[in-house]
2 protein chains.
Amino acid sequence: MGASKSDFFSDEQNELANLFKAISHPARIAIIQYLLTVDTCICGDIVNELPLAQPTVSQHLKELKNVGIIKGTIEGTSICYCLNPEIMEKMENYFGGISKELKNKCC
Amino acid sequence: MGASKSDFFSDEQNELANLFKAISHPARIAIIQYLLTVDTCICGDIVNELPLAQPTVSQHLKELKNVGIIKGTIEGTSICYCLNPEIMEKMENYFGGISKELKNKCC
DNA sequence: TTATTATATTGCAATATTACGATATATTAA
DNA sequence: TTAATATATCGTAATATTGCAATATAATAA
């Protein structure tokens with residue numbers, strides 16, 4: 001016994017969990033933050049912004065890309081990453097919906 | 001080598017990551033969902049709602065409680081858990097802020 | 001062609017999470 | 001008091017994540 005009984009939960013529950021798992025690491029929060037500060041969609045010098053080796057950063061980027069939080073387009077030898085506004089709105093709406101429901105409750 | 005270089009990231013980055021880590025598991029998403037459906041702040045029959053043993057559920061509840069997503073008050077032999085609206089709004093605002101910033105950008 | 005540059009993948013060690021049986025704790029009921 | 005009920009904690013096995021050196025891949029430059 002050990003990890004992940006995900007089969008027993010709904011697809012929606014697993015998708016939400018995976019989305020939040022993607023941003024459950026400080027390096028990945030930092031990547032999102034960095035992508036917000038650059039006004040053009042600047043590429044792989046994200047490595048220089050983080051206290052992590054290149055393969056580690058590449059792996060974090062991959063996880064963000066897998067759930068659609070960032071998008072990457074090839075630009076010569078480098079790759080241009082940027083945030084995906086749709087996913088951000090999706091997560092905003094998730095908590096917005098909860099907040100709205102909570103207003104009709106006790107506690 | 002291994003896990004968590006969290007010392008190299010800011011407190012804010014680590015706090016956000018921990019908040020999202022708390023909801024990065026389908027069982028904990030399911031707990032939030034369940035707490036939304038019950039109109040009174042119903043207690044520990046959360047165990048009956050989930051395909052997990054009592055100690056496991058207790059552990060998941062603890063993780064949600066640690067970051068402030070749920071609150072629990074003792075009620076006789078049982079404990080009454082409910083969602084914390086403040087944290088939900090905090091997370092809504094996090095993504096709302098990002099969405100707003102993204103509207104002034106390219107991509 | 002051979003460098004150079006940028007990013008991705010592989011393999012593995014260190015660490016963290018998940019799940020649960022067994023047990024502890026704490027409150028009420030008898 | 002003892003029994004019953006509800007929840008928490010401990011200990012541990014199974015699995016997942018994190019981080020990086022080494023290496024691979026892919027595109028441009030010389």
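Lettering of chains follows the sequences in order, A, B, ..., and the numbering in each one begins at 1. Hydrogens, waters and symmetry mates are skipped; everything else that's a heavy atom, side chains included, is used.
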Under 4.0 Å, counting only non-hydrogen atoms across every strand here, what does A:Thr56 touch: a base, just sugar-phosphate, or nothing?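 Counting heavy atoms under 4.0 Å across all strands, the contact made by A:Thr56 includes a base.
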Going by ring pair (Phe, Tyr, Trp, His ring centres under 6.0 Å), name the residues that satisfy it together with B:Phe9, two or more places apart in sequence or in a different chain.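 Scan of B:Phe9 (ring pair (Phe, Tyr, Trp, His ring centres under 6.0 Å), adjacent residues dropped) gives none.
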In Å and rounded to the nearest 0.5 Å, what is the [atom1] to [atom2] distance from [X] to [Y]?
| X | Y | atom1 | atom2 | answer |
| --- | --- | --- | --- | --- |
| A:Ile32 | B:Gln13 | CD1 | CD | 10.5 Å |
| A:Glu15 | A:Ser6 | CD | OG | 12.0 Å |
| B:Thr73 | B:Glu75 | OG1 | CD | 5.5 Å |

Euclidean distance, atom [atom1] of residue [X] to atom [atom2] of [N] [Å, nearest integer]:
| X | N | atom1 | atom2 | result |
| --- | --- | --- | --- | --- |
| B:Phe8 | D:dG19 | CZ | P | 10 Å |
| B:Leu61 | D:dA6 | CG | C1' | 12 Å |
| B:Leu64 | D:dA8 | CG | C1' | 15 Å |
| B:Gln59 | C:dA16 | CD | P | 15 Å |
| B:Ile23 | C:dT18 | CD1 | C1' | 18 Å |
| A:Glu63 | D:dA16 | CD | C1' | 11 Å |
| A:Leu50 | D:dG19 | CG | P | 10 Å |
| A:Asn66 | D:dT17 | CG | P | 11 Å |

How close do [X] and [Y] get, heavy atom to heavy atom, and via which atoms?
| X | Y | answer |
| --- | --- | --- |
| B:Ala22 | B:Glu63 | CB-O, 4.1 Å |
| B:Leu102 | A:Pro85 | CD1-CA, 3.8 Å |
| A:Met88 | B:Phe95 | O-CB, 3.6 Å |

Compare all side-chain heavy atoms of B:Ile23 with those of B:Ile69 and state whether any distance is below 4.5 angstrom.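 Yes - at least one pair of side-chain heavy atoms lies under 4.5 Å apart.
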Taking the side chain as every heavy atom from C-beta outward, state whether B:Val67 and B:Ile87 have any pair of such atoms under 4.5 Å apart.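 A side-chain contact under 4.5 Å is absent here.
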Do B:Tyr94 and A:Tyr94 have ring centres separated by under 6.0 Å?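 No, ring centres 6.0 Å or more apart.
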Check whether any side-chain nitrogen or oxygen of [X] sits under 4.0 Å from OP1 or OP2 of [N], and answer yes or no.
| X | N | value |
| --- | --- | --- |
| B:Lys21 | D:dT17 | no |
| A:Lys5 | D:dT15 | no |
| A:Lys62 | C:dT9 | yes |
| B:Tyr81 | D:dA6 | no |

Among residues 9-17 of chain B, which residues get a heavy atom nearer than 4.0 Å to DNA chain D?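 When residues 9-17 of chain B is checked for heavy atoms under 4.0 Å from DNA chain D, there are no hits whatsoever.
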Does A:Ser58 or B:Ala27 map to a spot on DNA chain C nearer the 5' end, using the closest nucleotide for each?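 In this pair, the answer is A:Ser58.
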Would you kindly compare A:Gln54 and A:His60 by the position of their nearest DNA chain D nucleotide and give the one closer to the 5′ end?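 That would be A:His60.
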Checking contacts here: which listed nucleotide (D:dT18, C:dT7, D:dC20) is nearest the side-chain heavy atoms of A:Ile79?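 That would be C:dT7.
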Summary of protein contacts for nucleotides 25-30 of chain C, nucleotide by nucleotide, where a base hit scores B, a sugar-phosphate-only hit scores S (4.0 Å, heavy atoms): --BS--
